[in-house]
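Notes for the one structure printed next.
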Amino acid sequence: MSIVKQIQEATVKTLSSTFNEAFSEKDFQINQTKPEFEGDYTIVLFSLVKLLKKSPEEIGNELGNALLKDFPHLFSAFNIIKGFLNLNITNSFWIALLQKNHNDICYGKHAMNGKKVMVEYSSPNTNKPLHLGHLRNNFLGWSVAEILKANGYDVLKSCIVNDRGIHICKSMIAWQLFANGATPLTTQKKGDHFVGDYYVLFNDEYKKQVAALKADGMTEGDAEKNAPIMLQTQQMLHDWEAGKPEVIELWKKMNNWVYEGFDVTYKTIGSNFDKTYYESETYLLGKDIIQEGLDKKVFYRKDDGSVWIDLTAEGLDEKLVLRKDGTSVYMTQDIGLAKQKYDQYKIDQSIYVIGDEQNYHMKVLKLIAQKLGLPYADDIYHLSYGMVELPTGKMKSREGTVVDADDIVAEMIATAQHHTEALGKVKDFTTDELTALYKTIGLGAMKFYLLRVDPKKKMIFNPEESIDFHGFTGPFIQYTYARIKSILRKEPLLKNDATPNNLLPLEKEVLFILEQFPTIIADAAKELNPSVLANYLFLLAKTFNSFYTEHSIANAENMEKKSLRLQLAVMTANVLSNGIQMLGINMPERM
RNA sequence: GGUUCGGUAGCUCAGCUGGAUAGAGCAUCAGCCUUCUAAGCUGAGGGUCAUUGGUUCGAAUCCAAUCCGAAUCACCA
C-alpha cells in the first residue's frame with residue numbers, strides 16, 4: 001500500500017478517535033511537502049477547521065501528536081505552519097521499503113485483474129508512407145498497451161489497415177498512367193514510398209486537369225467532379241467493388257509493395273500487432289446492424305432510400321449510416337468492426353487510439369452503439385490525441401510538408417551515432433553492438449520526445465531544431481541507467497543485513513520518488529497517459545544523478561552506507577528500466 | 001454559425017479532483033572532470049498563468065463573458 005494511502009488511513013482513524021466523529025479521506029487533502037519546509041507529506045487542515053470549529057493550530061497539534069503516538073513506525077515528527085501539518089516519515093519506513101523491494105523485478109506492477117482490453121492503433125492508409133503523426137500514434141498505442149499490461153490487464157494490440165477506397169485507387173490510377181511498369185525493385189525504392197509518390201503524382205495531375213477545365217470556362221466544382229483522372233479513379237473504385245480481376249490484381253500488387261515497406265518501418269521502431277484487420281475484409285460489416293436499427297426505430301429511412309440517425313437531441317446532427325445506393329459509409333463499418341472485435345475476443349474494453357480530428361466521429365459511433373443497445377457500447381473508448389504540427393501549421397501529405405517517419409528515425413539514429421562517436425566511451429564495441437546502441441539511443445530519444453507530452457494536446461515539432469539528447473529526454477534516462485550498471489558491474493550488491501538508521505537528504509529523496517512508482521503506473525493506466533510515466537522517470541533519473549554526484553557509492557563512508565547505496569542504485573535501475581520499457585524504449589547496458 | 005478543445009518563461013512543455021513564494025528541459029550567463037561514465041552536476045537571470053468579472057479563508061486550477069488559435073459539423077476518408 002502506498003505511503004499516501006497509509007497516511008490517509010492513519011489520519012482517518014486518528015481523527016475519528018481524537019475528535020469523536022466519523023471522518024473520511026475526503027475531509028482532508030494530503031500533499032507532498034514543499035521543499036522549502038521540513039517534512040515529507042503534508043495534511044492541509046483548512047477543510048477540517050470548518051468541520052471541527054477549532055483553529056488550525058489546535059487541530060494540527062492534536063492530530064500530529066496522536067499520529068505520532070498511534071503510528072510510531074510511520075511518523076517521526078511534525079510541524080505546523082499556517083494551516084499545514086507537515087509530517088516526517090520515519091527513516092525505518094524508507095529503509096524497509098528499500099530492503100523489501102530493491103531487487104524485485106516486479107516492483108510497481110499489479111496483479112492480473114481478469115480484464116481483457118483491445119488497443120487499436122497505427123491504422124495506416126496503404127497509399128502513402130508513415131509520417132511523424134503516425135509515429136506518435138504508434139508509440140502511444142504501444143505504450144498504453146504496455147502500461148495496461150503492467151496494471152494486470154490482458155491486452156490485445158490491434159490495427160485496422162485502410163487498404164481500400166477512393167484514395168487507394170488514386171495511387172493505382174497514377175501508377176497505371178505514369179509508371180511505365182516501374183516497381184520498387186526497378187527503382188530501388190522502399191515500397192510504401194514508391195506508392196506514395198504516385199499518390200502525389202495523382203494530385204499534381206488532378207490539379208492540372210482542374211485548372212485546364214476551369215480555363216475552358218467550367219466552374220471549380222464541376223471541374224473537380226469532371227477531371228478525367230478523377231472519373232477514371234471513380235470507375236476504378238466501382239471495378240474494384242465489382243471484383244474486376246485486373247483491378248484486384250493491381251490493387252494486391254501495390255498494397256503488397258506498401259506492406260513490405262511498412263514491415264521494415266514497424267520492425268525498426270519495434271511495433272507489432274496481435275490482430276490486424278483489413279478494411280477490404282470489414283467494409284461490408286455492419287450492414288445487418290443497420291436493419292436491426294431500422295427495426296428498433298433507432299434509424300430511419302429517407303425517401304431516397306438512404307438511412308440516417310437523428311442525434312439532434314444529443315446536441316449533434318443527423319448522421320448518415322447507409323448511402324441511398326445501399327453502400328456503407330465509414331460509420332457503418334466501424335459499428336460492424338466494433339461488434340466483431342467484441343464477438344471474437346469478448347473484450348471488456350475497446351480502446352481506439354485515433355487523432356482528435358475524429359472526436360466527432362467517435363462520439364457518434366459510441367452514441368449509435370448505445371442507442372442500439374449493444375452490450376459493449378459503454379466500453380468503447382476513444383483515446384484521442386492531438387496532431388503533430390509544424391511551426392507552419394498542419395502537415396499535409398499532398399503538399400509535401402510531412403515529416404517522413406523513416407527519415408526522422410534514420411536521422412535520430414545518425415545523431416545518436418554522432419554523439420556516441422564524439423564521446424568515445426564505447427570504442428571496444430563490435431560493429432553489431434554499435435548498430436544496436438545507436439538504434440536504442442536514437443529511438444529512445446524519438447519515442448520519449450513524442451510520449452512526454454500529454455496525448456490530448458497537439459504538439460509542435462520544429463524540423464529546424466533537432467530533437468535533444470540532453471535534459472528531459474530518453475537518452476538522459478538511458479545514461480543514468482548505464483552509469484548505474486557500470487557501478488554494479490564492479491560492485492555487486494553486498495550480502496549483509498547491517499542497516500544504517502540514518503538517511504542523507506538525497507538518499508531519502510530518491511527513496512521518496514521510488515516509493516511512488518506503483519502509484520504512477522496505476523495513474524498512467526487510469527488516465528491512459530504515458531506522459532505521466534515519462535515525467536516521473538525523468539524526475540527519478542534527475543534526482544538519482546544529484547545523489548550520484550554528491551555521494552560515492554563504491555567508496556561510501558562505511559559498509560552499511562555502501563550496502564544501502566548499492567540497493568538504492570539497483571532499485572533505481574530496475575524502476576527506470578521497467579518504466580521506460582512501458583514507453584517502448586530499451587535500455588543500453590553501456591553508452 | 002453550432003459543437004468541442006486549447007492559450008503558463010524567448011522556445012518546447014509540467015502543474016489544472018482549488019492550498020504555502022507557479023516548475024522542468026532547451027537556449028543565455030557563471031562555476032564543477034587526478035575520485036563510481038561530464039549524454040552529468042551546482043547556481044543565476046527570465047512570468048500580467050490570454051483578458052475581465054465572479055465563487056472561496058485561499059484561484060494558473062472552478063464558473064461566466066470576451067479576445068485569439070485549432071478541430072469538426074460531407075451520400076470524403
Side-chain angles (χ1 to χ4, degrees), chain A residues 26 29 31 33-34 36-37 42 44-47 49-50 56 81-84 86 125 127 162 164-168 279 302 304-308 312 314-330 355-361 363-364 384 386-387 389 391 393-394 416 419-420 422-423 425-426 441 445 449 452-454 456-462 465 467-480 482-491 531-532 534-535 538-539 541-542 544-556 565-566 569 590-591:
Chain A
K26 294 193 175 112
Q29 198 180 58
N31 296 337
T33 306
K34 296 245 169 197
E36 54 268 38
F37 301 101
T42 296
V44 183
L45 300 169
F46 295 108
S47 52
V49 169
K50 271 185 210 152
I81 297 170
K82 292 201 246 169
F84 301 93
N86 301 321
N125 292 337
N127 63 341
N162 294 297
R164 51 141 253 132
I166 192 82
H167 53 300
I168 307 297
E279 196 193 307
K302 285 194 180 174
D304 64 5
S306 58
V307 180
W308 296 74
T312 46
E314 280 78 15
L316 305 176
D317 303 274
E318 293 181 20
K319 190 84 189 168
L320 177 89
V321 292
L322 203 66
R323 291 193 186 101
K324 66 183 170 203
D325 61 6
T327 58
S328 53
V329 288
Y330 252 65
D356 61 9
E357 55 193 358
Q358 294 198 38
N359 283 355
Y360 182 81
H361 177 84
K363 201 169 167 183
V364 171
S384 165
M387 298 288 107
E389 293 181 9
K394 220 178 154 181
H419 283 296
T420 305
L423 291 166
K425 294 178 183 180
V426 287
I441 298 173
Y449 177 83
R452 63 177 209 187
V453 182
D454 186 335
K456 288 192 294 295
K457 297 193 178 173
K458 73 169 187 199
M459 58 186 295
I460 293 171
F461 171 76
N462 188 348
E465 299 165 13
I467 295 175
D468 240 295
F469 281 62
H470 301 267
F472 185 18
T473 66
F476 176 95
I477 293 166
Q478 292 171 322
Y479 177 69
T480 307
R483 274 209 306 202
I484 294 175
K485 290 310 240 189
S486 172
I487 295 173
L488 295 175
R489 276 192 294 273
K490 295 170 207 160
E491 301 278 355
S531 80
V532 170
N535 278 286
F538 174 63
L539 177 66
K542 193 163 66 127
F544 185 87
N545 283 336
S546 296
F547 157 77
Y548 172 97
T549 24
E550 194 67 29
H551 306 294
S552 176
I553 296 168
N555 301 310
R565 288 180 192 166
L566 281 168
R590 289 175 57 194
M591 67 187 276

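Every chain is numbered from 1 and lettered A, B, ... according to where its sequence line falls, protein lines coming before strand lines.
- Nucleotides B:U21 and B:U55 have their C1' atoms positioned 24 Å apart, rounded to a whole Å.
- For A:Tyr479 and A:Phe476, the distance between ring centers is not under 6.0 angstrom.
- Scanning all heavy atoms of the two residues, the minimum distance from A:Asn535 to A:Phe472 falls at OD1-CZ, 3.3 Å.
- In this structure, A:Phe547 atom CZ and B:C36 atom P are separated by 15 Å, rounded to whole Å.
- Using cut-offs of 30° and 60° for the angle between ring planes, the A:Phe469 and A:His419 rings count as tilted.
- Remark: the separation of the C1' atoms in B:C76 and B:C13 is 35 Å, to the nearest Å.
- Across all strands shown, A:Tyr548 has heavy atoms under 4.0 Å from base atoms, whether or not it also approaches the sugar-phosphate.
- Residue A:Thr473 is out of contact with every strand shown, counting any heavy-atom pair closer than 4.0 Å.
- Protein atom CD1 of A:Ile487 is 6 Å distant from nucleotide atom P of B:U37, rounded to whole Å.
- The separation between A:Met591 atom CE and B:A38 atom P is 12 Å, rounded to whole Å.
- Taking atom CD1 of residue A:Ile441 and atom C1' of nucleotide B:U37, one finds them 12 Å apart after rounding to whole Å.
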- I would like to know whether A:Asn545 and A:Thr480 meet side-chain hydrogen bond (donor to acceptor under 3.5 Å, both in side chains); could you show each step before the answer? CA-CA 7 Å; A:Asn545 283 336; A:Thr480 307; 3.2 Å; yes

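- Aromatic ring orientation, A:Phe46 versus A:Phe84: perpendicular (interplanar angle above 60°, classes split at 30° and 60°).
- By the side-chain hydrogen bond (donor to acceptor under 3.5 Å, both in side chains) test, A:Arg565 pairs with A:Glu507, A:Glu557, sequence neighbours left out.
- For B:C67, the base is anti relative to its sugar; the glycosidic angle deviates from 0 by more than 90°.
- Within 4.0 Å of A:Asn462, counting heavy atoms only, lies no atom of the nucleic acid at all.
- Whole-Å rounding puts the A:Arg452 CZ to B:G15 P distance at 13 Å.
- Residue contacts shown for A:Phe472 are limited to sugar-phosphate atoms, with no base heavy atom under 4.0 Å away.
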- Task: Let me have a per-nucleotide readout for nucleotides 18-23 of chain B, 5' to 3', with B, S or -, counting only protein heavy atoms under 4.0 Å.
- Result: -BBS--

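- One C1' atom belongs to B:A60, the other to B:G6, and the distance between them is 14 Å to the nearest Å.
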- Task: Go along nucleotides 71-77 of chain B 5' to 3' and tag each nucleotide: B for a protein heavy atom under 4.0 Å from its base, S when only backbone or sugar atoms are that close, - otherwise.
- Result: SSS-BSB

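- With hydrogens and angles disregarded, a donor-acceptor distance shorter than 3.5 Å links the side chain of A:Asp454 to the backbone of A:Lys456.
- The structure places CG of A:Asn162 at 7.5 Å from CD1 of A:Ile168, a figure rounded to the nearest 0.5 Å.
- Rounded to whole Å, the separation between the P atoms of B:C5 and B:C41 comes to 38 Å.
- Rounded to whole Å, the P atom of B:U17 lies 33 Å from the corresponding atom of B:G40.
- If you measure from atom CG of A:Asn545 to atom C1' of B:C36, you get 13 Å, rounded to the nearest angstrom.
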- Item | Verdict with supporting geometry, A:Ile553 and A:Glu491, side chain to side chain contact (heavy atoms under 4.5 Å, CB included) | CA-CA 9 Å; A:Ile553 296 168; A:Glu491 301 278 355; 5.9 Å; no

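- If you find the closest nucleotide of RNA chain B to A:Asn535 and to A:Lys363, the one lying nearer the 5' end belongs to A:Lys363.
- Taking only side-chain nitrogens and oxygens, A:Lys457 comes nearer than 4.0 Å to OP1 or OP2 of B:A14.
- With hydrogens and angles ignored, the 3.5 Å screen pairs a side-chain donor or acceptor of A:Arg323 with a backbone N or O of A:Ser328.
- Among the atoms of the strands shown, base atoms are found under 4.0 Å from some heavy atom of A:Phe469.
- The line from CD of A:Gln358 to OH of A:Tyr330 is 8.0 Å long, rounded to the nearest 0.5 Å.
- Look at A:Arg489 and you won't find any side-chain N or O under 4.0 angstrom from OP1 or OP2 of B:U37.
- With distances taken from any side-chain atom of A:Lys542 to the nucleotides B:G69, B:C41, B:A14, the minimum falls on B:C41.
- Taking 4.0 angstrom as the limit, A:His470 places a side-chain polar atom (N or O) nearer than this to OP1 or OP2 of B:G40.
- Every side-chain hydrogen bond (donor to acceptor under 3.5 Å, both in side chains) that A:Ser306 has, sequence neighbours left out, goes to A:Asp304, A:Trp308.
- As rounded to whole Å, 10 Å separates atom P of B:A27 from atom CD of A:Glu465.
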Hey, what are the protein-to-nucleotides 30-32 of chain B N/O distances that come in under 3.5 Å?
none

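- Of the candidate nucleotides B:C41, B:C57, B:C13, B:C41 has the atom nearest to the side chain of A:Ser546.
- Going from the C1' atom of B:C32 to that of B:A38 covers 9 Å, rounded to whole Å.
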- Note on the structure: Its dot-bracket string being built from Watson-Crick and G-U pairs below 3.5 Å, with | for another strand and [ ] for crossing, RNA chain B has the pattern ((((((((.[[[[.)...(...]]]].(((((.......))))).....[[[[[..)....]]]]])))))))....

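- Using atom C1' as the reference point in both B:A59 and B:A64, the two lie 15 Å apart (nearest Å).
- Summarising the geometry, atom OG1 belonging to A:Thr473 is positioned 10.5 Å from atom CD1 belonging to A:Ile467; distances are rounded to the nearest 0.5 Å.
- With no hydrogens or angles considered, a side-chain donor-acceptor pair links A:Ser384 and A:Asn359 at under 3.5 Å.
- Note that CE of A:Met387 and NZ of A:Lys458 are 11.0 Å apart. Values are rounded to the nearest 0.5 Å.
- Nucleotides B:G53 and B:A20 have their C1' atoms positioned 26 Å apart, rounded to a whole Å.
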- Would you check, one step at a time, whether the test side chain to side chain contact (heavy atoms under 4.5 Å, CB included) holds for A:Tyr360 with A:Leu316? CA-CA 9 Å; A:Tyr360 182 81; A:Leu316 305 176; 3.6 Å; yes

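- Between A:Ile460 atom CD1 and B:C11 atom P there is a gap of 10 Å when expressed in whole angstrom units.
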